[in-house]
Amino acid sequence: MAEEILRITGGQKLRGEITVQGAKNSALPIMAASMLCSGETVLYNVPRLTDVYAASRILNHLGLRCKIEASAAVINPAGISSAEIPDADMRAMRSSVMFLGPMLGRLKQCVLTMPGGCELGPRPIDLHLDAMRQMGVQIRESQGKIVCTAEHLHGARIPLPIPSVGATENIIMAAVLADGETVLTNAAREPEISDLAAFLNRCGARISGAGEGTVTVSGVESLHGTEYTVMPDRIAAFTWLCACACAGGTVCLSGTAPRDMESSLSVLRAAGCRLGICRDRIYLDGGQSLRSVRYIRTMPYPGFPTDTQALICAVLSTAHGTSMIEETVFESRYKHVGELLRMGADIRVSGRTAVITGVPALHGAELRAMDLRGGAALACAAAGAEGESVLRGLTHLDRGYDNFAETFNSLGGIAKRTAISASEHGKTGLEKRKC
Ligand code: EPZ
């Protein structure tokens, strides 16, 4: 079978302006939530990603009509007829579990299997299921499927043991059409949760406190359809800033929400990057030499996001001095490190801690993306490396970046995406390079 690879020529300074894509982690739950509405929903600023197409497939399988054209998704819930998500669609991404809350809210039943997504260590869904039980849902396992039914879906007081993003979203979506009030404490505060709540409130829901630790949802009888523009993708925005920090040059990102990115921008500043912010624009001047950042700890929002950890790892690989990162959200999110070592980086990982000793330069290598953000980090590192890199595992990148190569090239980078056949595997021209 043919595999696609990305050849990245390192050392090209990035210059220019791009508009940042809509947020994957907001578009996906909002697409699922549209099933709660009685009328048509039109979403704008929807990124063209394989995860978005997977969400569209699930909606169509359930009997709704979802059409994606350019950056808009039109979702008509009229024909909803099935309460079961096929296993293949569940495995396609983590966000398949985002249909649990809306299906229970709308149909009072949902049959699903364990979701897929990036392998970052154990990613159970126990918090989602426990919360649904507290709202009156009976859950049993049958032939490898999780069968959820609710005779009476009701509000509840739900204290989350950890502020899980997905569980917070599922609880909100199940609660909007449930009887009575739901009070969720220790809720996740990510901006994508506020975006989901803003969408639902526009449809007639009564949600307050989204984006804070306590969220209150008063159930309503029904929701109507609406038009809504998905928020900008803060992780994609940070990716392009890191690409410029690695490669040098000056870029401007428009259509961003800088206030959602404060913790990650402050780390780039600490690493010596000059940043300018003007309303929805972020400028980065990558002309300065990079310096180490003593200690970075990934945390739920508003802390430094785990989704940007791999990206900052790539940046700090060539910073002067020693940096330390502690990953507190996921158990195993350092798969990019082995690949950065192939490029000449000096990084030691012990448990959840990575110690990065900056080297003067990285060199091009044969690389494989092991997960979405790790793959993006490798592309950033390759942009700043000497010589050419070949990146495989592009299906990961396609799950989260709307045409990565085209955007990179529009900033003056050189990345060429090509298909190689099975007989060419291992013959990318770099295999003799000493790594
Ligand atoms: C969301 O995943 C994002 N995905 C992730 O982005 C992001 O890394 C993560 O939040 C943290 O910010 C989407 O929004 C689609 P969690 P989610 O539930 O909801 C544990 C990307 O690259 N946990 O907040 O799955 C879990 O194991 C992706 O775009 C349980 O123990 O994350 C983890 O250690 C990758 N039981 C921690 O909580 C549960 O039932 C946080 O996970 C749920 C979670």
Side-chain angles (χ1 to χ4, degrees), residues 21-33 47 49-52 54-55 58 90 92-101 112 114-134 139 146 158 160-173 184 186-196 230-231 233-239 260-261 263-264 297-311 327-336 352 369-377 395-402 404:
Q21 68 184 55
K24 164 178 88 82
N25 291 345
S26 180
L28 295 172
I30 291 177
M31 286 175 76
L49 311 172
T50 51
D51 273 12
V52 164
I58 293 177
M90 284 302 301
M93 58 174 178
R94 173 75 177 178
S95 288
S96 50
V97 78
M98 289 289 90
F99 288 83
L100 173 66
L112 73 171
M114 282 301 284
C118 292
E119 285 175 25
L120 313 173
R123 296 183 79 181
I125 58 167
D126 55 325
L127 303 178
H128 302 240
L129 298 178
D130 283 352
M132 296 303 124
R133 278 192 196 96
Q134 290 172 63
I139 302 175
I146 305 165
I158 305 174
L160 273 180
I162 50 172
S164 154
V165 175
T168 299
E169 292 170 338
N170 252 332
I171 294 165
I172 291 174
M173 292 189 283
L184 172 61
N186 198 24
R189 292 180 281 164
E190 269 67 4
E192 292 76 15
I193 293 167
S194 307
D195 207 35
L196 170 66
V230 172
M231 66 178 277
D233 195 315
R234 62 197 168 102
I235 312 299
F238 193 73
T239 302
D260 293 342
M261 298 174 62
S263 57
S264 42
R297 189 172 191 227
T298 66
M299 291 288 282
Y301 191 83
F304 184 82
T306 172
D307 290 347
T308 56
Q309 177 260 107
L311 295 157
E327 170 59 62
T328 76
V329 179
F330 287 106
E331 208 172 281
S332 172
R333 207 167 189 180
Y334 284 123
K335 295 206 175 101
H336 48 282
R352 291 189 177 219
M370 306 289 197
D371 57 59
L372 166 57
R373 308 302 171 187
T395 50
H396 292 294
L397 269 191
D398 294 340
R399 293 189 35 234
Y401 293 91
D402 188 335
F404 189 95

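Just follow the structure's listing: the first ligand is 1, and inside any ligand the first atom is 1. Heavy atoms only: backbone and side chains are in, while hydrogens, waters and symmetry mates are out.
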Side chain, backbone, both or neither: the part of His396 lying under 4.0 Å from ligand 1 by heavy atom: neither

Under 3.5 Å: N/O of Leu120 near N/O of ligand 1: no

Under 3.5 Å: N/O of Leu372 near N/O of ligand 1: no

Contact (N/O only, under 3.5 Å) between Glu169 and ligand 1: no

Per-residue contact class, Lys24 against ligand 1 - non-hydrogen pairs under 4.0 Å: side chain

Min heavy-atom dist Pro124 to ligand 1 below 4.0 Å: yes

Going by atom type alone, with no hydrogens or angles, which donor-acceptor pairs under 3.5 Å involve a side-chain atom of residues 161-169 and a protein atom two or more places apart or on another chain?
from	atom 1	to	atom 2	distance (Å)
Ser164	OG	Ala167	N	3.0
Thr168	OG1	Ser164	O	2.7
Thr168	OG1	Ala188	N	3.0

salt_bridge(Asp307, Arg333) N-O dist < 4.0 Å: yes

Identity and separation of the nearest protein heavy atom to atom 37 (C) of ligand 1: Val329 O, 3.9 Å

Arg373 N/O to ligand 1 N/O under 3.5 Å: yes

Proximal atoms of ligand 1 relative to Ile125 (non-hydrogen, under 4.0 Å): 40 (O)

4.0 Å heavy-atom contact, Glu327 with ligand 1: no

Of the listed options Asn170, Ile162, Asp307, closest to atom 20 (C) of ligand 1 (non-hydrogen atoms): Ile162

Short N or O distance, Leu127 and ligand 1, threshold 3.5 Å exclusive: yes

Protein heavy-atom partner closest to atom 2 (O) of ligand 1 - residue, atom, separation in Å: Arg123 NH2, 3.4 Å

Ligand-residue contact atoms, ligand 1 with Pro122, heavy atoms, under 4.0 Å: 27 (O)

Ligand 1 contact by Leu28, heavy-atom criterion under 4.0 angstrom: no

Salt bridge flag under 4.0 Å for residues Arg234 and Glu192: yes

Heavy atom of the protein closest to atom 14 (O) of ligand 1 (residue, atom name, distance): Asn25 CG, 3.2 Å

